[in-house]
Visitor: 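Next up is a structure, given as structure tokens.
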Amino acid sequence: MSSPNQNSTHAPLFALVDVNNFYVSCERVFAPQLEKTPMVVLSNNDGCAVARSAEVKALGVKMGTPWFQMKDLAKQHGILACSSNYTLYHDMSQRVVEILRQFTPKLEVYSVDESFLQIESVLNAHESPTHLGAEIKQRIKQWTGLPVCVGIAPSKTLAKFANHLAKKNPSFNGVCDLSNMPKQELYQWMSEVSAAEVWGVGRKIAKRLEGMGIHTVLDLVQVSPQMMRLQFGVVIERLCYELRGLSCLALEEVAPPKQQIIASRSFGKLVLSLDELAESVATHTARAAEKLREQESLTSSISVFIQTNVFMRNEPQYSQSIQIPLVHPTDDTLVLTEMAIKGLKEIYKKGFRYKKAGVMLGLMTDKPVVQSSLFEDHQAKGKSLRLMKTLDSINTRYGAQALRVAATGTDQAWKMKSENVSPKYTSHWDQLPVVR
DNA sequence: TCTGGGGTCCTAGGACCC
DNA sequence: TCTGGGGTCCTAGGACCC
């Protein structure tokens, strides 16, 4: 009874662990009486449903449905809505990842509720991949209260597919291992799932595939990858190989630093005045700068954008953004706020009712590991002068609130970067033979 | 008059993801 | 009346250089 995966060949094997209905499940951990209650978690300002319980999904409610549109349905079926608590979700997410790391260090945190594990090297300790998956699932449930599904396969895309099967078919008991599945059975499953469900196939591509007569995952597996490259480009070609079990997407254990950081929000009510916009832009800038310092990089440009409510067809519409290059890359909240407000003034137009504002930091650079003392002195002098000027002008023009926001979080601004890790993206793809 | 061609960098836009 | 907030990669085309 030896299984092919007691392998000495070290062919990669991936497990995708995904928390079911993540936000809803988090809420239920702390309110177990809601276990069977149909419920949704709402976005900021309680605008849209950003998570749905199984019961609500079964009613056909789509991700992102505005709450006001489903109120009737909610009344009919007793759907409970709760506001989101992102701090809680973040915390729960970290607990799950900690537990997963006990199984293997080869782990990629893919999103707040999903991680890829590369498991071929730890299989010896387990009876089979399925047993490993079951243990992962059981331990997370026991230690955090969160339900997960596990999909196991020789490529990330197939592991996603396996996870999909595990979620939809109770017969898998939450763990689906494709690596040991007989081909006939695998093809049977593939013929039952729409190609549009595949990771990497979105609305547009799905439609074009339909037009080509490619309806199911099985159809997609059987079509020539080279032909798909001509039609759709390298991304879909890679996807086809992945579905055939040839791993083209590597595990990214170390998250590369973000290349852009966005902080934006819709307003609870429409906003007219420059002052109010400035206050919100200052808030967003402070948040973005915080994230920037967390990843220990500097930004060399900041963009500001404002827009009216795109859903109000009868209202005059205005949407504008401006990008401001920074001569000296920085992570300083004050400097960034000054530039952001300057930009806002450029694009602000009187007479519109604004719905949304935000900032984006772009073109990150690594902080220099060593700065010459001359440079530091120069910078420090210029900074303190500018700081006073900035505080002053923000205060007079936009009030105390904007001032307070701008002044927050400048403390760690010049923390030096001790280690400079920049992981290089590697892909098996580069090593693939050219197939004709 | 004849009017090259390859390389790189940057940006905008399209597609996708959770 | 009320409609989320983040991110990624790839490609094409223009500017510029030699």
Side-chain angles (χ1 to χ4, degrees), chain A residues 16-23 40-52 61-72 74 81 83-84 86 89-90 93 108-116 156-157 160 163-164 195-209 229-239 242 248-250 252 255-270 280 283-284 287-288 291-292 295 300-301 303 305 307-315 321 323 325 353 355-364 425 427 429:
Chain A
L16 176 67
V17 182
D18 184 323
V19 182
N20 308 340
N21 319 320
F22 183 54
Y23 295 168
V40 295
V41 173
L42 300 178
S43 63
N44 284 303
N45 299 323
D46 292 341
C48 302
V50 290
R52 305 148 292 156
V61 174
K62 298 269 186 289
M63 175 72 171
T65 303
W67 173 238
F68 76 90
Q69 271 178 21
M70 53 182 288
K71 269 195 174 153
D72 285 348
S83 302
S84 39
Y86 293 104
Y89 311 147
H90 182 72
S93 174
E108 171 185 341
V109 179
Y110 178 67
S111 76
V112 71
D113 70 329
E114 274 176 80
S115 291
F116 285 104
K156 283 173 149 186
T157 307
K160 275 282 218 181
N163 192 279
H164 175 87
E197 303 284 347
V198 172
W199 186 42
V201 176
R203 267 209 341 266
K204 296 285 173 71
I205 305 276
K207 205 166 176 191
R208 285 175 62 192
L209 289 175
R229 180 180 199 137
L230 293 179
Q231 289 286 322
F232 298 95
V234 65
V235 177
I236 302 297
E237 183 190 22
R238 217 150 39 196
L239 184 151
E242 284 255 321
C248 303
L249 302 171
E252 285 190 34
K258 302 230 184 302
Q259 297 181 29
Q260 66 180 35
I261 291 171
I262 297 175
S264 74
R265 286 281 180 280
S266 295
F267 301 119
K269 60 179 176 52
L270 298 171
S280 123
T283 306
H284 300 326
R287 265 199 306 136
K291 290 189 210 174
L292 185 64
Q295 72 166 27
S300 55
S301 82
S303 311
F305 61 89
Q307 50 180 262
T308 50
N309 190 341
V310 291
F311 295 100
M312 298 182 85
R313 292 279 167 70
N314 301 326
E315 287 257 329
S321 70
Q323 189 188 353
R353 312 204 296 159
K355 179 62 184 172
K356 191 171 177 178
V359 302
M360 186 182 106
L361 309 180
L363 297 172
M364 311 303 170
Y425 174 79
S427 162
W429 181 250

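Quick caveat, the model's predicted, so the values are computed rather than measured. Scope of the values below: all heavy atoms of this structure, side chains included, with no hydrogens, waters or symmetry mates. Quick note on labels: first sequence line is chain A, next is B, and so on, each numbered from 1.
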Visitor: Should A:S266 be listed as having a side-chain N or O under 4.0 Å from OP1 or OP2 of C:dG5?
Guide: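 Looking at the OP1 and OP2 atoms of C:dG5, one of them is under 4.0 Å from a side-chain N or O of A:S266.
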
Visitor: Would you indicate what A:G64 reaches in the nucleic acid, counting non-hydrogen atoms under 4.0 angstrom: base, sugar-phosphate, or nothing?
Guide: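 The residue A:G64 makes no contact with any strand.
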
Visitor: Can you identify which nucleotide, out of C:dT11, C:dT3, C:dG7, has its nearest atom closest to the A:Q69 side chain?
Guide: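 Minimum distance to the A:Q69 side chain belongs to C:dT3.
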
Visitor: Angle class for the A:W199/A:F116 ring planes (parallel below 30°, perpendicular above 60°, tilted otherwise)?
Guide: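 Rings of A:W199 and A:F116: tilted, as their planes differ by 30° to 60°.
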
Visitor: Counting the atoms with a prime plus P, OP1 and OP2 as sugar-phosphate, which does A:V198 contact under 4.0 Å by heavy atoms, base, sugar-phosphate, or nothing?
Guide: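 Here A:V198 touches the backbone only, sparing every base.
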
Visitor: Just to confirm, is there a sub-4.0 Å distance from OP1 or OP2 of C:dT3 to any side-chain nitrogen or oxygen of A:K62?
Guide: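 No, because none of the side-chain N or O atoms of A:K62 sits under 4.0 Å from OP1 or OP2 of C:dT3.
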
Visitor: Using Watson-Crick or G-U wobble geometry with both distances below 3.5 Å, tell me the partner of B:dC18, or none.
Guide: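 Paired with C:dG5.
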
Visitor: Please report the distance, rounded to the nearest Å, between NZ in A:K269 and C1' in C:dT3.
Guide: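 Those two atoms, NZ and C1', are 18 Å apart.
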
Visitor: Look at the side chain of A:I205 and decide which nucleotide, out of B:dC16, C:dG4, B:dC18, has an atom nearest to it.
Guide: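 Closest nucleotide to the A:I205 side chain: B:dC16.
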
Visitor: Scan A:D113 against the nucleic acid and name what it touches under 4.0 Å (heavy atoms): base, sugar-phosphate only, or nothing.
Guide: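 Result for A:D113 = sugar-phosphate.
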
Visitor: With a non-hydrogen cut-off below 4.0 angstrom, is A:W67 in contact with a base, only sugar-phosphate, or nothing?
Guide: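 Result for A:W67 = nothing.
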
Visitor: Could you check how far OH of A:Y23 sits from P of C:dG4, rounded to whole Å?
Guide: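 Those two atoms, OH and P, are 15 Å apart.
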
Visitor: Verify the distance criterion only: is there a donor paired with an acceptor across the side chains of A:Q323 and A:S303 at less than 3.5 Å?
Guide: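 No pair is found: no donor N or O on one side chain lies under 3.5 Å from an acceptor on the other.
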
Visitor: Looking at A:I262, is its backbone amide N or carbonyl O close enough to the side chain of A:K291 to form a donor-acceptor pair, meaning the two atoms are under 3.5 Å apart?
Guide: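 Yes; at least one donor-acceptor contact below 3.5 Å.
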
Visitor: Rounding to a whole Å, what distance do you find between A:F68:CZ and C:dG4:C1'?
Guide: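 It works out to 14 Å between those atoms.
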
Visitor: Under 4.0 Å between any heavy atoms, over every strand shown, what does A:V201 touch: base, sugar-phosphate, or nothing? Just pick one.
Guide: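 Since only primed, P, OP1 and OP2 atoms lie under 4.0 Å of A:V201, the category is sugar-phosphate.
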
Visitor: For A:F22, report the nucleic acid contact type (base, sugar-phosphate, nothing); a contact means any heavy atom under 4.0 Å.
Guide: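 Touches nothing.
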
Visitor: Out of C:dG6, C:dG7, C:dG4, which nucleotide sits closest to the side chain of A:I261?
Guide: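 Between C:dG6, C:dG7, C:dG4, the one nearest the side chain of A:I261 would be C:dG7.
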
Visitor: Would you call A:R52 and A:V41 a side-chain contact if the rule is heavy atoms closer than 4.5 Å?
Guide: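 Side-chain contact under 4.5 Å: no.
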
Visitor: Where do A:R353 and A:M312 come nearest, in terms of heavy atoms and distance?
Guide: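 Shortest heavy-atom contact: NH2-CE, 4.0 Å.
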
Visitor: Want to settle it: does A:L270 or A:N44 sit nearer the 5' end of DNA chain C, counting the closest nucleotide to each?
Guide: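 The 5'-side residue here is A:L270.
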
Visitor: Atom CZ of A:R313 and atom P of C:dC2: how far apart are they, to the nearest Å?
Guide: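 The distance from CZ of A:R313 to P of C:dC2 comes to 14 Å, rounded to the nearest Å.
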
Visitor: Ignoring backbone atoms, test whether A:R238 places a side-chain nitrogen or oxygen under 4.0 Å from the OP1 or OP2 oxygen of C:dC10.
Guide: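 Looking at the OP1 and OP2 atoms of C:dC10, one of them is under 4.0 Å from a side-chain N or O of A:R238.
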
Visitor: Suppose you measure atom C1' in C:dC16 against the same atom in B:dG4; what distance do you get, rounded to whole Å?
Guide: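 Going atom to atom, C1' in each nucleotide, I get 15 Å.
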
Visitor: To the nearest Å, how far apart are A:Q260 CD and C:dG5 C1'?
Guide: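 My rounded result for the distance is 12 Å.
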
Visitor: Using a heavy-atom cut-off of under 4.0 Å over every strand shown, decide if A:G200 touches base, sugar-phosphate, or nothing.
Guide: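 Sugar-phosphate: the residue A:G200, judged by heavy atoms under 4.0 Å, touches backbone atoms but no base.
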
Visitor: Roughly how many Å is it from CD in A:Q259 to C1' in C:dC9, rounded to a whole number?
Guide: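 Those two atoms, CD and C1', are 9 Å apart.
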
Visitor: A:K355 near the nucleic acid: base, sugar-phosphate alone, or nothing, with a heavy-atom cut-off under 4.0 Å?
Guide: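 A:K355: backbone/sugar contact only, no base atoms under 4.0 Å.
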
Visitor: Examine C:dG6: is either OP1 or OP2 under 4.0 Å from a nitrogen or oxygen in the side chain of A:S264? Give yes or no.
Guide: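 True: A:S264 side-chain N/O within range (under 4.0 Å) of C:dG6 OP1/OP2.
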
Visitor: Could you tell me whether the phosphate oxygens of B:dA15, OP1 or OP2, come under 4.0 Å of any side-chain nitrogen or oxygen in A:R208?
Guide: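 Checking A:R208 against B:dA15: no side-chain N or O falls below 4.0 Å of OP1 or OP2.
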
Visitor: Taking only N and O in the side chain of A:N45, is any of them less than 4.0 Å away from OP1 or OP2 of C:dC2?
Guide: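 Looking at the OP1 and OP2 atoms of C:dC2, neither is under 4.0 Å from any side-chain N or O of A:N45.
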
Visitor: Find out whether A:H164 and A:V198 are in side-chain contact, i.e. whether some heavy atom of one side chain is under 4.5 Å from a heavy atom of the other.
Guide: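 No. Closest side-chain heavy atoms not under 4.5 Å.
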
Visitor: Within this structure, what is the CD-to-C1' distance between A:Q231 and B:dG14, rounded to whole angstrom?
Guide: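 In whole Å, B:dG14 C1' lies 17 Å from A:Q231 CD.
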
Visitor: Would you give the length of the straight line joining atom OG of A:S264 to atom NE2 of A:H284, rounded to the nearest 0.5 angstrom?
Guide: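 Reported to 0.5 Å precision, the distance equals 6.5 Å.
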
Visitor: Counting heavy atoms from C-beta on, name the nucleotide in C:dG7, B:dC18, C:dC9 closest to the side chain of A:I262.
Guide: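 Looking only at heavy atoms from C-beta outward on A:I262, the closest nucleotide is C:dG7.
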
Visitor: Distance check needed: C:dG7 P versus A:E114 CD, whole Å only.
Guide: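 In whole Å, C:dG7 P lies 17 Å from A:E114 CD.
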
Visitor: Would you mind telling me which residue lines up with the more 5' stretch of DNA chain C, A:K291 or A:F267, judged by nearest nucleotide?
Guide: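 Per heavy-atom nearest nucleotide, the more 5' residue is A:F267.
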
Visitor: May I ask you to evaluate whether A:K258 reaches the phosphate of C:dG7, defined as a side-chain N or O under 4.0 Å from OP1 or OP2?
Guide: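 Looking at the OP1 and OP2 atoms of C:dG7, neither is under 4.0 Å from any side-chain N or O of A:K258.
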
